[in-house]
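Each remark here refers to the structure printed beneath this line.
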Protein chains: 2
Amino acid sequence: MRPREFDHDDVLRIAFDQFWRKGVRGTSLSDIARDAGVQRGSLYNAFGSKEALFLQAYERYAGDYLLALQKALGTGSLRKRLTAFFDLTITNFRSGSPPRGCPTTRGLMELGAAEGEGLDEEARQAFAHLISRITALVQDTLSAGAKRGEFKGNPAAAALHIITVTRGLAVLERAYGDEAQLRKIASHTIDLVLEKGG
Amino acid sequence: MRPREFDHDDVLRIAFDQFWRKGVRGTSLSDIARDAGVQRGSLYNAFGSKEALFLQAYERYAGDYLLALQKALGTGSLRKRLTAFFDLTITNFRSGSPPRGCPTTRGLMELGAAEGEGLDEEARQAFAHLISRITALVQDTLSAGAKRGEFKGNPAAAALHIITVTRGLAVLERAYGDEAQLRKIASHTIDLVLEKGG
DNA sequence: ACATGTTCTTGACGTCGTGTCAAATACTTT
DNA sequence: AAAGTATTTGACACGACGTCAAGAACATGT
């Protein structure tokens, strides 16, 4: 076999960066190929199609992001954990310049759009999967908090509420770009959940 | 002057329908032209560009939608009003088959994506404007409720919280497509806001 | 009634993006 | 050293956006 002339993972990172900056439909394989110093045809050979490349790049990101969230949720009082969780969330989709928004939310609204099922359905599942995993993380954190008497509500309902708010924050970030407002909504949500039970 | 051979408003409606079904980037002007029985060139002549056409179609929709929301928020107890508000919100982005999602949220995540400012910035403002108007409507409703003793929290903060949840619902709808779950989150949010003050 | 002017329509064109294919290439294995 | 296999490369087909010049349809002034 002839060996690959590029690093699989490097290309995935470069591709994700482009997709995140310019959107999936707004990024051409020529862009990625130029940036990665690879021929366009090689990308098709290695990844299959643009959307397949995006999916693989996204899943790479999703794994990293989930680990970071897990870490953020892992120490301190329940309030501290939730605060760290929202912090990381907001920081994440405000990284880069201009802010790149939430990759998951953006991908979900952009790719889930087509009528024909095809690969889009696979993408939708990837996005939904990350959201589910995050929801589970938050729920576990709340359950643990409940055992320690820091929380008295229903962990499942509260986790779902929190996740809904984070998705909403991703949208508002795009609409207004006002980080202070996002943080206010986040701390407000924490108060609600901790005082009232979510 | 030679008269137009098509109805301006009809084309706007047809175009919005297509954009809503297949996304902005996923809809070609050829599609719209065929559907409307108009030549592609005529669309460029009348509307300027694809994004300009989308913007005009979106603003048409936004006006109608805002009126419907205003109506939904206009009668009954505060709880009834908020329930009607969430109902209309969820119904709206679950209309069509397959569910078309929230036009505003989808447009926001899809169009705000480009790096260059250009027309995208104009689009972002249109989306942000509708969200602001809706927030104001909810806030007014809460303020009125406060005067009648049905609500004791901060109307501005509560309205922002509610709007954040509706944007989050738009995203979760796309991820899971589970309407029952959306309704559960919505009624939960209403409880929180009314019992605790948002 | 007819010529003039203005706007809309129509079809051809240029450019760019996706995806496919066959030929050339570089390495591994026998 | 030869055969085999996977990768690279460049050409191609196709569709989408947007532009332009030429033709068509109406309003207006004489």
Side-chain angles (χ1 to χ4, degrees), chain A residues 1-12 14-58 107 110-111 113-120 122-123, chain B residues 1-12 14-58 107 110-111 113-120 122-123:
Chain A
M1 311 207 310
R2 176 173 179 174
R4 281 245 168 80
E5 293 181 3
F6 59 89
D7 183 89
H8 201 265
D9 246 45
D10 283 353
V11 171
L12 246 38
I14 290 170
F16 184 77
D17 186 70
Q18 298 259 351
F19 285 137
W20 198 4
R21 266 193 289 150
K22 304 181 293 187
V24 177
R25 288 232 167 82
T27 301
S28 74
L29 282 199
S30 308
D31 293 342
I32 297 171
R34 191 182 333 110
D35 234 58
V38 172
Q39 211 74 13
R40 208 167 53 89
S42 297
L43 296 180
Y44 279 100
N45 177 57
F47 301 101
S49 74
K50 184 177 164 180
E51 279 193 316
L53 169 58
F54 170 74
L55 261 187
Q56 293 175 56
Y58 175 76
E110 190 174 357
L111 282 193
E115 277 195 301
E117 311 287 315
L119 190 47
D120 284 341
E122 207 176 323
Chain B
M1 311 208 314
R2 176 172 179 174
R4 283 242 169 80
E5 292 181 3
F6 59 88
D7 184 89
H8 201 266
D9 246 45
D10 284 353
V11 169
L12 246 40
I14 290 170
F16 184 76
D17 186 70
Q18 298 259 352
F19 285 135
W20 200 4
R21 266 193 289 151
K22 303 182 294 187
V24 176
R25 288 233 167 82
T27 302
S28 74
L29 282 198
S30 307
D31 292 343
I32 297 171
R34 193 182 331 109
D35 233 57
V38 173
Q39 211 73 14
R40 208 166 52 91
S42 297
L43 295 180
Y44 279 99
N45 177 56
F47 301 100
S49 73
K50 185 177 165 181
E51 280 194 312
L53 169 58
F54 170 74
L55 261 187
Q56 293 176 55
Y58 175 76
E110 190 174 358
L111 282 193
E115 276 195 303
E117 311 287 313
L119 189 48
D120 283 343
E122 207 177 323

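These numbers were taken from a predicted model, which means no experiment stands behind them. Protein chains get the first letters and strands the later ones, always in sequence-line order, with residue 1 at the start of each. Below, all heavy atoms of this structure are taken into account, side chains as well, without hydrogens, waters or symmetry copies.
Of the residues in residues 35-43 of chain A, those placing a heavy atom less than 4.0 Å from an atom of DNA chain D are A:Q39, A:G41, A:S42, in numerical order.
Ring planes of A:F47 and A:H8: tilted class, angle from 30 to 60°.
In the set C:dG19, D:dC17, C:dT9, the nucleotide with an atom closest to the side chain of A:Y44 is C:dG19. Nearest nucleotide to the side chain of A:L29, out of D:dC26, C:dC27, C:dT18: C:dT18.
Judged by distance alone, the side chain of A:K22 and the main-chain N or O of A:S28 form no donor-acceptor pair under 3.5 Å. Listed for the A:E110 side chain is no donor-acceptor partner under 3.5 Å among the backbone atoms of A:G23.
Put simply, CZ on A:R4 is 13 Å from P on D:dT9, counting in whole angstrom units. One can place CG of B:D7 at 14 Å from P of C:dC8, the figure rounded to the nearest angstrom. A:F6 has its CZ atom 13 Å from the C1' atom of D:dT9, to the nearest Å. Rounding to whole angstrom units, CE of residue A:M1 and P of D:dT7 are separated by 6 Å. For the pair A:N45 CG and C:dA26 P, the interatomic distance rounds to 16 Å; values are reported in whole Å. The distance from atom CZ of A:R25 to atom P of D:dA16 is 12 Å, rounded to the nearest whole Å.
Nearer to the 5' terminus of DNA chain D, by closest-nucleotide assignment, is the contact made by B:V24 (compared with the other of B:V24 and B:E5).
A donor and an acceptor atom never sit less than 3.5 Å apart when one is taken from the side chain of B:R2 and the other from the base of C:dT7.
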